[in-house]
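What follows is a single structure, written as structure tokens, with notes after it.
Computation of the quantities below employed the complete heavy-atom set of this structure, encompassing side-chain atoms and omitting hydrogens, waters and symmetry-equivalent molecules. Here is the naming used below: chain letters follow the sequence lines, and residue numbers restart at 1 for every chain.
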Amino acid sequence: MRRLPATFAEADATEVAPRLLNQLMRVDGRLARITEVEAYTADDPASHSFRGRTQRNAAMFGPPGHWYVYLIYGLHHCVNLVTGAEGDGQAVLIRAVELPGTPSARTVGPGRLTRELGIDRSWDGRLAELFDDGVAPPLMPIVTPRVGISQAVDWPRRWMVPPQASAGSQRNQ
DNA sequence: CAACAGATTCTCT
DNA sequence: GAGAATCTGTTGT
């Protein structure tokens, strides 16, 4: 298992997103395998960065390779990996992970996995710890329409690992 | 300043 | 399938 280099996140979110699949993110010593992601760029009307920097999304305009964590609907946290170059306002939303010994019902869904891993706004702006375990075979990502938003819904920016390779990674399409 | 929509999830129907 | 929970940012009065 090797730590991913800092350059890993220094590319467009649409390139980094599929590469994140099957990689591991470490949170408080726990390793979670990323199984579903979604890319957000500043030209995306559904992106928090679309209308520029605010107090909430400041981390999204910060250096790549760090976390952007925000509170949605006043109760759920969502975690993103900042990508591109500092100031771009790009990020990849982590929508589902696999955690050994944990039911997928608790780790599938952006609001669920943050609760399970204990990720809250205190993680906003922190350096992300990402690893490649060198074990998982390369998989063909599945691209699906986006959910939970009302603009640019059909942009192909959501990726997940094939269902058979990851029980519990399948959800609304 | 009031109103509303939102990168969601849970509960009840 | 509808409604609630309730923070953040945008838009309209």
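- A salt bridge links A:D133 to A:R33: at least one charged side-chain nitrogen sits closer than 4.0 Å to a carboxylate oxygen.
- You'll find the ring centres of A:Y40 and A:H48 outside the 6.0 Å limit.
- Each of A:D28, A:I94, A:V79 was checked for a side chain to side chain contact (heavy atoms under 4.5 Å, CB included) with A:I119, and the lone residue meeting it is A:V79.
- Cluster annotation: A:W123 is connected to A:L4 through the hydrophobic network of ILVMFWY side chains, with a link wherever side-chain heavy atoms come within less than 4.5 Å.
- Follow the hydrophobic side-chain contacts under 4.5 Å out from A:W67 and you reach A:L99 in the same cluster.
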Expected rows: protein N/O vs nucleotides 9-13 of chain C N/O, under 3.5 Å:
from	atom 1	to	atom 2	distance (Å)
C:dG9	OP1	A:T54	OG1	3.1
C:dG9	OP1	A:R56	N	2.7

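- Between B:dT8 and A:R115, no contact under 4.0 Å exists linking OP1 or OP2 to a side-chain N or O.
- Note on A:L24 and A:V108: separate hydrophobic clusters, where clusters join Ile, Leu, Val, Met, Phe, Trp and Tyr whose side-chain heavy atoms are under 4.5 Å apart, directly or indirectly.
- Closest to the side chain of A:L93, from the set B:dC10, B:dA7, B:dT9, is B:dA7.
- One atom, CD1 of A:I94, and another, P of B:dT8, lie 14 Å apart when rounded to the nearest Å.
- Going from atom CG of A:D120 over to atom P of C:dT8 covers 13 Å, rounded to whole Å.
- An OP1 or OP2 oxygen of C:dC7 is reached within less than 4.0 angstrom by no side-chain nitrogen or oxygen of A:R121.
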Side chain to side chain donor-acceptor pair (under 3.5 Å) between A:T35 and A:R95, worked out: CA-CA 8 Å; A:T35 55; A:R95 298 194 64 94; over 6 Å; no
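- Remark: C1' of B:dC10 and CD1 of A:I72 are 16 Å apart, rounded to the nearest angstrom.
- Taking every heavy atom of residues 75-88 of chain A and every atom of DNA chain B, pairs under 4.0 Å involve A:H76, A:N80, by number.
- Using a cut-off of 4.0 Å between Lys/Arg side-chain N and Asp/Glu carboxylate O, A:D132 and A:R19 are scored as not salt-bridged.
- Spacing between atom CD of A:E36 and atom P of B:dT8 amounts to 10 Å, rounded to whole angstrom units.
- One atom, OH of A:Y40, and another, P of B:dG6, lie 12 Å apart when rounded to the nearest Å.
- In this structure, the aromatic ring of A:Y73 is not positioned over the six-membered ring of the base of B:dG6 within 5.5 Å between centres and 30° between planes.
- Two residues are said to be in side-chain contact when any heavy atoms from C-beta on lie closer than 4.5 Å; A:T41 and A:D12 fail this criterion.
- If A:A105 and A:I149 are placed on DNA chain B by their nearest nucleotide, the residue sitting closer to the 5' end is A:I149.
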